[in-house]
Amino acid sequence: MPLALLALAIGAFGIGTTEFVIMGLLPDVAADFQVSIPAAGFLVTGYALGVVLGAPLMTILGTRVTRKRMLMFLMVLFIVGNVVSALAPVFGAMLAGRVIASLAHGAFFGIGSVVAADLVAPEKKAGAIATMFTGLTVANVVGVPLGTSIGQEFGWRVTFLVVAALGVLGLLGVAKLVPEQPKPQGVRIRHELAAFRNVQVLLAMAMTVLGFGGVFAAITYITPMMTETAGFATSSVTWLLVLFGLGMVGGNLLGGRFADRRLMPMLYVSLGTLAVVLALFTVTAHNKFAAAVTILLIGALGFATVPPLQKRVLDQAAGAPTLASAVNIGAFNLGNALSAWLGGIVIAAGFGYTAPNWVGAALAASALLLAVLSGAIERRAANGGRPVAVLPEPAAGARPGDAVHTASAPVSR
């Protein structure tokens with residue numbers, strides 16, 4: 001594998017860290033700016049909405065320049081956003097910094113995947129893309145817990161400065177190691193937009209929003225839930241996030257393994273089980289051991305849906321997958337925004353820190369219903385034509401004018 005993949009993986013590591021590390025630092029940020037926990041949750045919502053808007057916008061903008069230059073521009077956005085967050089004098093400024101950083105998220109993974117695949121031989125393309133995405137999964141096992149620990153020890157602002165430094169490292173790596181490639185040719189936005197007329201594409205994206213939203217409803221408020229309800233010390237949040245990250249890695253590998261074999265059954269099982277586990281989290285959150293096991297399961301089940309959902313969109317938008325793929329990355333973050341907002345509402349309404357788990361369970365169950373509907377539509381479309389009568393071969397010795405008896409099935413015209 002070429003060293004350029006290391007540069008892409010470092011960028012993915014930084015992006016994954018800044019997206020998820022806010023969960024462990026939410027109470028500290030809220031206290032510093034003297035805002036409530038639900039209000040601080042807008043830092044998650046704002047980032048997620050920035051990804052939703054930035055993924056298609058930056059992908060379209062990226063067709064006008066070389067991919068290397070676009071990747072460098074995206075890393076600059078990422079660096080600026082994290083520096084603004086670290087130095088923010090007021091809450092609104094930090095929210096603006098989060099949004100700036102989020103604009104790089106979707107397009108970096110979309111364009112980076114294409115670059116990674118072009119760097120290697122055809123039979124190694126999947127491995128190259130997986131290598132880049134390793135940065136994202138490792139971020140949740142190493143970067144997020146480490147960033148949380150740094151923030152709790154030295155202040156949350158230091159965490160965002162460290163993440164910005166990771167962005168600088170990624171930028172230098174892209175500039176030095178990623179080769180120049182010609183800018184994309186023949187990309188027609190109208191053709192790409194046509195994919196969104198397919199109801200199956202829209203259903204898949206709705207499943208993405210609701211299914212992954214179920215995960216974030218619980219995880220956004222994991223710190224106050226575990227410290228106030230389960231009784232963990234603040235310092236324990238770090239290893240709880242490690243458990244969540246390990247679950248993500250395992251679930252992602254499991255989902256990827258079965259996405260090419262039994263895609264829809266995989267979605268039925270993972271979404272249904274996720275809904276049950278999230279509902280049970282309202283009970284298990286009161287016991288330290290049970291809560292830790294549940295967090296691991298939420299990470300595994302939530303990310304087991306990612307490969308099949310992404311593949312579902314690519315399969316259904318096969319004629320024009322580029323924009324649809326980028327928008328689906330935004331759909332994951334739209335689910336993050338929706339669930340963080342809804343979770344904040346139920347906490348603010350006085351239902352307690354475990355209430356977002358019910359929100360997550362309802363969202364995951366809704367995604368399961370859409371998956372069942374999508375599968376039913378697909379089966380009906382596959383069986384929609386009337387069967388064609390197949391004429392048997394003439395019997396030995398039969399003359400051309402002899403009648404041939406067939407089954408009474410209708411002949412489609």
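Only this structure's heavy atoms are used, side chains among them; waters, hydrogens and symmetry mates stay out.
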Determine, step by step, whether Y353 and Y221 satisfy the ring pair (Phe, Tyr, Trp, His ring centres under 6.0 Å) criterion, reporting the C-alpha distance in whole Å, the side-chain angles of both residues, the deciding distance to 0.1 Å, and the verdict.
CA-CA 7 Å; Y353 287 122; Y221 302 99; 7.8 Å; no
Could you tell me whether the side chain of [Y] reaches within less than 4.5 Å of the side chain of [X], counting heavy atoms only?
| X | Y | result |
| --- | --- | --- |
| F303 | V249 | no |
| S339 | V215 | no |
| M23 | F244 | no |
| F108 | I15 | yes |
| I37 | P27 | yes |
| L8 | L71 | yes |
| L136 | F109 | yes |
| L203 | I377 | yes |

Run the side chain to side chain contact (heavy atoms under 4.5 Å, CB included) check on Y268 and M264 step by step: do they pass?
CA-CA 6 Å; Y268 300 150; M264 293 308 293; 3.9 Å; yes
Keeping [X] on the side-chain end and [Y] on the backbone end, is there a donor-acceptor pair under 3.5 Å?
| X | Y | value |
| --- | --- | --- |
| S374 | L370 | no |
| K68 | A175 | yes |
| S102 | V99 | yes |
| S85 | G81 | yes |

Does CZ in R157 sit with more than 12 non-hydrogen atoms of other residues, nucleotides or ligands closer than 6.0 Å?
yes
Tell me the closest heavy-atom pair linking [X] and [Y], and the distance in Å.
| X | Y | result |
| --- | --- | --- |
| A291 | M226 | CB-SD, 3.8 Å |
| V327 | P56 | CG2-CB, 4.0 Å |
| V21 | G147 | CG2-C, 3.7 Å |
| L77 | A104 | CB-CB, 4.4 Å |
| P308 | L263 | O-CD1, 3.7 Å |
| G330 | A55 | N-CB, 4.4 Å |

Of T159, V44, T223, which meets side-chain contact (heavy atoms from CB on, under 4.5 Å) against I22?
V44
Nearest 0.5 angstrom please: [X] [atom1] to [Y] [atom2], how far?
| X | Y | atom1 | atom2 | result |
| --- | --- | --- | --- | --- |
| I222 | L240 | CD1 | CG | 7.0 Å |
| T148 | L26 | OG1 | CG | 11.0 Å |
| D32 | D28 | CG | CG | 8.5 Å |
| N287 | T229 | CG | OG1 | 12.5 Å |
| L334 | T208 | CG | OG1 | 10.0 Å |
| L74 | M72 | CG | CE | 11.0 Å |

Using the rule given for side chain to side chain contact (heavy atoms under 4.5 Å, CB included), can you reason through L342 versus L338, listing the C-alpha separation, both sets of side-chain angles and the distance that settles it, and then say yes or no?
CA-CA 6 Å; L342 292 174; L338 174 66; 3.9 Å; yes
Please test E378 against Q316 for side chain to side chain contact (heavy atoms under 4.5 Å, CB included), starting from the C-alpha separation and ending with a verdict.
CA-CA 11 Å; E378 189 170 50; Q316 298 299 324; 3.6 Å; yes
For T294 and T284, test the side chains for any donor-to-acceptor distance below 3.5 angstrom and give the result as yes or no.
yes
Could you go through the ring pair (Phe, Tyr, Trp, His ring centres under 6.0 Å) check for Y47 and F20 one step at a time?
CA-CA 10 Å; Y47 185 96; F20 291 102; 8.8 Å; no
Could you label the plane-to-plane angle of the F33 and W156 rings as parallel, tilted or perpendicular, counting under 30° as parallel and over 60° as perpendicular?
tilted
Please step through side chain to side chain contact (heavy atoms under 4.5 Å, CB included) for the pair S236 and K288, ending with a clear verdict.
CA-CA 11 Å; S236 298; K288 289 183 179 180; over 6 Å; no
Of all residues at least two apart in sequence or in a different chain, which pass the side chain to side chain donor-acceptor pair (under 3.5 Å) check with N82?
T18
